[in-house]
Trainee: 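I'd like to ask you about the structure that follows.
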Amino acid sequence: MHTIDDLKKLLGRIDGRGYKAYKDLQGAYAFPWFTLFIDHVQGDPFASPSRIRVRVLGTVAKLPTDLFSSRVRRVALQDFLIREVHHAIRHVCRGNRGIGKSGLVAIDVGGQEVLERTAMVVTPQWVEVRLSLGLPAQGRTILGRQAEAMLCQELSEIAERALKWERVAQEHARTFVDCVDNQESIRRQLDSLGLVAFIADGSILPRSSGASDHPLSREQVQPFRAPDSLRVSIPIPHPVSQDGGLVHSLTGCGIPKGVTLIVGGGYHGKSTVLRALERGVYPHVPEDGREYVVTTERAVKIRAEDGRSIERMDIGGFINNLPYGQDTTQFSTDNASGSTSQAASILEAIEVGTTALLLDEDTSATNFMVRDARMQALVHNEHEPITPFVDRVRELYERHGVSTVLVMGGCGDYFDVADTVIAMQDYQPRDVTEDAKRIVQEFRTQRAIETTSSLAGSTSRVPLWESLDPSRGNRDVKIDARSVDAIVYGHEVIDLSGVEQLVDVSQTRAIGYALHLASRRSMKGSLQAVVQGLAELFDNAGLDGLDPYHQGERHPGNFARPRAFEIAAALNRLRTLRIRE
């Protein structure tokens with residue numbers, strides 16, 4: 001291993017030379033209290049930044065072991081330290097030092113959700129942060145002195161501020177980790193309590209703007225308060241403040257299993273609640289306002305997606321009797337309609353184990369959700385291929401154990417099938433279930449139930465792995481996340497704009513590499529078995545193995561863990577996907 005003096009001498013020697021000479025930096029360097037690994041050096045100032053690691057021994061970092069005593073707490077601590085590094089970079093680094101990415105120092109930091117990331121690793125032996133760094137140059141000429149300032153001074157100050165317990169905001173760190181631990185404790189209790197979700201009293205659900213995921217201030221909105229009939233109390237391992245006191249159990253609104261409608265006038269908070277529930281599958285940072293909005297990890301948001309592809313899916317329970325005798329039990333299309341896409345998305349979610357569906361009428365296909373009595377009278381059932389969701393939603397729960405939370409503002413026919421009806425008024429919930437039942441008795445629906453057969457159970461489709469090849473002819477594999485909702489995968493672009501529970505581009509990037517990993521390993525079995533196998537791999541070995549170029553000490557520092565449902569959603573939207581006969 002080289003020393004810091006060796007690094008300084010090397011930078012002095014290559015100062016003023018061509019940019020390619022930076023390649024000589026690759027290797028490990030012992031600093032007085034940490035080790036610097038330069039794993040990858042960019043080819044020019046405009047290329048993807050260089051990748052480095054800073055590793056501090058546990059005896060130097062002195063992080064309390066109770067903060068990473070479980071997987072949940074370790075992920076939370078790592079996320080907290082990533083944010084600390086990010087803040088340190090902003091305070092320490094000068095920024096631009098030449099052309100292109102010169103002077104860049106960056107870490108893969110998240111938003112309001114707390115995710116497992118490859119940017120930070122905490123073990124009992126050491127703590128390691130993984131950074132992107134733009135080695136400075138003017139034109140194609142190395143700026144050695146500026147590089148020395150970055151590597152030998154600024155990195156040391158960043159590590160000092162963010163990786164030594166004596167310098168970290170210790171109370172904030174404990175609050176952060178305990179908050180995430182509480183959220184996951186609530187999530188583990190939901191099933192036994194007969195709930196699919198929980199919204200704590202005092203939660204702030206509205207966001208500050210359409211372009212921001214930060215909460216409105218408490219002065220601008222009335223905190224959420226559960227109706228008495230739906231209020232539950234759930235014990236938590238770490239006390240928190242609620243209603244002005246320190247409590248060991250949080251009270252709030254329990255969303256029960258079954259069929260739940262969220263109704264109310266426009267702009268009164270229906271979709272805001274649903275949005276919080278769909279994001280509630282992830283833990284959130286303290287003071288987010290939704291940190292104690294907790295949803296079962298198996299909840300999946302469903303919407304219509306005109307134009308998406310579908311491959312050999314049995315949608316016969318929702319769509320049948322198509323013109324010209326087209327088979328819908330092995331249905332494939334490159335250009336789905338709103339109704340067929342929504343049917344397929346529901347069945348694909350069931351295929352990989354969902355226990356709760358989240359739907360909003362505003363993003364659903366109208367003809368998929370319901371046909372009223374007048375339309376039934378005009379267009380007879382034998383001429384309508386769609387069995388509407390209103391006629392399947394109870395069967396989904398009673399036969400398949402899949403609950404539904406549905407925002408509905410324009411169709412009272414759903415009152416007939418609902419177990420719970422919550423009305424939002426001025427962003428506050430009221431339990432109007434009894435009112436809805438009374439209305440059902442007073443105003444009988446004239447529509448007929450249109451189911452003619454039972455909904456098939458979970459399918460077991462087996463992918464053909466050669467259909468997942470992301471290489472471009474004789475060229476190397478091409479995988480890239482253009483944005484949170486688009487993956488470049490070989491010649492294809494996987495459109496994930498309808499997959500609304502992806503929250504971070506690093507999740508999207510990980511999904512692309514996860515598909516490639518499954519393809520390279522030719523993971524055996526059904527699509528469900530494949531995504532479960534990937535989840536087990538992540539549980540046991542982390543996300544590092546997703547990088548096809550990962551070898552020993554090299555690192556992929558820009559992956560965040562996706563759920564199995566979003567991996568399956570991407571696979572189902574890959575237009576080259578083929579399913580075995």
Side-chain angles (χ1 to χ4, degrees), residues 72 75-76 79 110-116 176 179-207 213-216 221 223-226 230-232 234 236 240 242 250-258 260-262 269-303 349 353-360 363 402-407 420 422 424 427 429 484 499-504 507 560-566:
V72 167
V75 169
D79 190 280
Q112 298 299 97
E113 291 80 17
V114 176
L115 303 174
E116 181 179 351
F176 192 103
C179 180
V180 173
D181 206 11
N182 281 342
Q183 293 174 62
E184 293 300 339
S185 175
I186 293 171
R187 199 182 322 279
R188 290 191 297 269
Q189 297 177 69
L190 290 177
D191 187 60
S192 63
L193 294 171
L195 303 177
V196 296
F198 171 79
I199 306 175
D201 288 345
S203 295
I204 302 295
L205 306 188
R207 301 295 91 187
D213 204 31
H214 293 274
L216 281 171
V221 63
F224 188 94
R225 189 81 181 173
L230 294 174
R231 180 168 286 117
V232 297
I234 302 180
I236 51 176
V240 297
Q242 188 178 52
L250 277 171
T251 60
C253 181
I255 307 296
K257 295 179 181 179
T260 298
L261 299 187
I262 303 176
K270 303 187 303 296
S271 295
T272 299
V273 170
L274 192 73
R275 182 69 168 169
L277 293 177
E278 71 184 63
R279 293 294 184 97
V281 298
Y282 304 110
H284 284 72
V285 299
E287 305 300 324
D288 170 74
R290 302 166 300 182
E291 62 267 39
Y292 290 115
V293 178
V294 180
T295 307
T296 173
E297 62 186 5
R298 293 191 174 190
V300 178
K301 175 70 183 299
I302 301 292
R303 62 169 297 157
T354 187
T355 57
L357 302 174
L358 310 176
L359 294 89
D360 191 328
T363 55
V402 178
S403 298
T404 296
V405 180
L406 171 61
V407 166
T420 306
I422 299 171
M424 296 300 298
Y427 285 85
V484 72
V499 183
E500 297 184 326
Q501 286 167 290
L502 280 173
V503 297
D504 195 291
Q507 287 180 300
R561 182 164 179 172
R563 300 191 306 159
F565 298 103
E566 281 68 56

Trainee: Ion pair present between Arg275 and Asp213, side-chain N to carboxylate O less than 4.0 angstrom?
Mentor: no
Trainee: Go through the steps to decide whether Leu406 and Leu357 satisfy the test side chain to side chain contact (heavy atoms under 4.5 Å, CB included), and finish with yes or no.
Mentor: CA-CA 8 Å; Leu406 171 61; Leu357 302 174; over 6 Å; no
Trainee: Rounded to the nearest 0.5 Å, what's the gap from CD1 on Ile234 to CZ on Arg188? Could you check?
Mentor: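 Going from CD1 on Ile234 over to CZ on Arg188, the span is 12.0 Å.
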Trainee: Would a 4.5 Å heavy-atom cut-off, applied to side chains only, mark Thr296 and Asp191 as touching?
Mentor: no
Trainee: So, do Glu566 and Gln507 sit near enough that their side-chain heavy atoms are less than 4.5 Å apart?
Mentor: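 No, too far: nothing below the 4.5 Å cut-off.
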Trainee: With heavy-atom distances below 4.5 Å as the criterion, would you say the side chains of Asn182 and Tyr292 are in contact?
Mentor: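 Asn182 reaches Tyr292 side chain to side chain.
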Trainee: Under a 4.5 Å cut-off applied to non-hydrogen side-chain atoms, are Val285 and Val114 in contact?
Mentor: yes
Trainee: Kindly indicate whether the side chain of Leu115, heavy atoms from C-beta on, has any atom under 4.5 Å from the side chain of Val503.
Mentor: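 Yes, close enough: below the 4.5 Å cut-off.
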Trainee: With a 3.5 Å distance limit and no angle check, can you tell me whether Thr354 reaches the backbone of Arg298 through a side-chain donor-acceptor pair?
Mentor: yes
Trainee: Taking the side chain as everything from C-beta on, heavy atoms only, tell me whether Phe565 gets closer than 4.5 Å to Val281.
Mentor: no
Trainee: Between Gln501 and Glu278 (side chain of the first, backbone of the second, donor and acceptor by atom type, cut-off under 3.5 Å), is there such a pair?
Mentor: yes
Trainee: Going by the rule ring pair (Phe, Tyr, Trp, His ring centres under 6.0 Å), which residues pair with Tyr282 if we only count those two or more places apart in sequence or in a different chain?
Mentor: none
Trainee: Do the side chains of Val405 and Val273 get nearer than 4.5 Å, heavy atoms only?
Mentor: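 SC-SC contact between Val273 and Val405 ruled out.
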Trainee: Decide, yes or no, whether a salt bridge links Arg207 with Asp288 under the criterion of side-chain N to carboxylate O below 4.0 Å.
Mentor: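 Here Arg207 pairs with Asp288 in a salt bridge, since their nearest N and O are under 4.0 Å apart.
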Trainee: Could you go through the side chain to side chain contact (heavy atoms under 4.5 Å, CB included) check for Val300 and Arg563 one step at a time?
Mentor: CA-CA 10 Å; Val300 178; Arg563 300 191 306 159; 4.3 Å; yes
Trainee: Hey, is the main chain of Arg279 close enough, under 3.5 Å, to the side chain of Glu113 for a donor-acceptor pair?
Mentor: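 A pair under 3.5 Å: no.
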